[in-house]
Every structure is written in C-alpha cells, then in structure tokens.
Amino acid sequence: GVSLPTVPEIEVIDLSGLARASHQELMAGMRKWAAHARSVESVVAAFAGEIDRRSSRDAGYDGLAASTGARGPEGLVSTLTGKSARDSRDLVTVGRLMDAPPVWLGDVAAGVSDGSVSVGAAAAIVTGLGEPTADLAADDLLDAAQTLVAEAASLPPEKVAKRARELRDELDAAGVADREAALRAK
C-alpha cells in the first residue's frame, strides 16, 4: 500500500502550572496550542475529503462509507473521529474544498492548509457564500472570500457564518439592483 504520513507523537505535557500562569502566558499558550489543533484539523479534513470521494453515490454499496454501514461520508467520519454530526459535515465540506477548490475559494483552502483558517470557519465561508450564478460572478465571491479569510483569524465560526451570509446577501442585493436598473434603462 501507499505510505501515509505518520502521526507525530504528541507528548502529554504537565498542565499543573496553568493556575500559576499569568493572563498573558495563559493566552499565549492557548493561541499556540490552538494553532497546533488547526494544523491537525486540516489533515483530518483532507482525510475526510478522501473518504467523501471514495463514498460517492456512483459507487453505491461499494463506496467506502456504504461498505462500512455508515450513512454517508459524514457518518463514517463521525464514527472514526468521535466528532459530532455537524463537525463531521464541516470536515467533509472542507476536505472536498481542499481536494479541488473552486477559484473563488482558493484562499479559503490555502488558509485551512496553513492553519490560519479553522475548519469550522472555512465550512461557514463555503456554505455562506454559495456558488456563482448567472447574476453573480466568481470574482465577486472571490473578493468576499478573501475578506472573510482575513476576518476569520479573529472571529469564531458562528460569526464567520453570519458575515458570509451578510456578504452574500449584499452581493445578491447589488445584483438585483443592477438588473432592475438595466430593465428601467430599456
């Protein structure tokens, strides 16, 4: 078989000194460990994307998830990781994104890969922005995605989701206004 990356040993550290840490030391430590967690999460998302690919509906019962008795790739990811249904859905969504990002979401995939964007925030951006339409160009979504990637570093996924929906609504409203103006001009 193929040689997969080995999982590095993570030493369980002595946490007995947390109570004595200053506020600054505590927050710095939290940021550092959260960055490690995002890096690990990006690898787990890549695995989830491959599970999704191997579990396609076209494969039917021969697909990976179906062959294990799971109800789709999200169910298999949940079983393998112990994550909630929502977290597993996010992992699969982002894993799909990392495998073949559409042009407007390339920065989101790159952010997950480099650990600057969490899987939760990336899933919120993908879901909230949606896809281009006849009235909304990929370039407009690219600009919105880049804005959200920059904001994602300081916002939790729930707020990123809200911002993504707001930006999509603004883009859709601008498109409606442009179409109405064009119709009035005729």
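All values reported here derive from a predicted model rather than from experimental measurement.
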Please report the shortest heavy-atom distance between Leu142 and Trp104, naming the atom on each side. N-CB, 3.6 Å
Taking every non-hydrogen atom, the tightest pair across Ser42 and Met98: O-CE, 3.6 Å
In terms of heavy-atom contacts, does CE of Met27 have more than 12 from other residues, nucleotides or ligands at under 6.0 Å? yes
Please report the C-alpha distance between Asp135 and Thr133 in whole Å, then the side-chain angles of each, then the deciding distance to 0.1 Å, and finally whether the side chain to side chain donor-acceptor pair (under 3.5 Å) criterion is met. CA-CA 5 Å; Asp135 300 316; Thr133 64; 5.0 Å; no
Minimum-distance pair of heavy atoms, taken over all atoms of Ala65 and Pro73: CB-N, 3.7 Å
On a heavy-atom basis, the closest approach of Pro102 and Leu97 is CD-CD1, 3.9 Å
Of Val126, Val119, Val117, Ile125, the residue whose pairing with Val94 passes side-chain contact (heavy atoms from CB on, under 4.5 Å): Val119
Within a strict 4.5 Å, meaning less than it, do heavy atoms of the Leu91 and Lys83 side chains meet? yes
Salt bridge or not between Asp169 and Arg165? Use side-chain N to carboxylate O under 4.0 Å. no
Residue pairs fulfilling salt bridge (Lys or Arg N to Asp or Glu O under 4.0 Å) with at least one residue in residues 97-126, sequence neighbours excluded: none
Are Leu141 and Val103 connected in the hydrophobic side-chain network, where two residues link if heavy atoms are under 4.5 Å apart? yes
Considering all heavy atoms of both residues, which atom of Asp90 and which atom of Gly120 are nearest to each other, and what is their separation? OD2-CA, 4.0 Å
Taking every heavy atom of Ala137 against every heavy atom of Pro132, the minimum-distance pair comes out as C-CB, 4.2 Å
Less than 4.5 Å apart, any side-chain heavy atom of Ile51 and any of Leu80? yes
With the threshold set at 4.0 Å, does a side-chain nitrogen-carboxylate oxygen contact exist between Glu166 and Lys162? yes
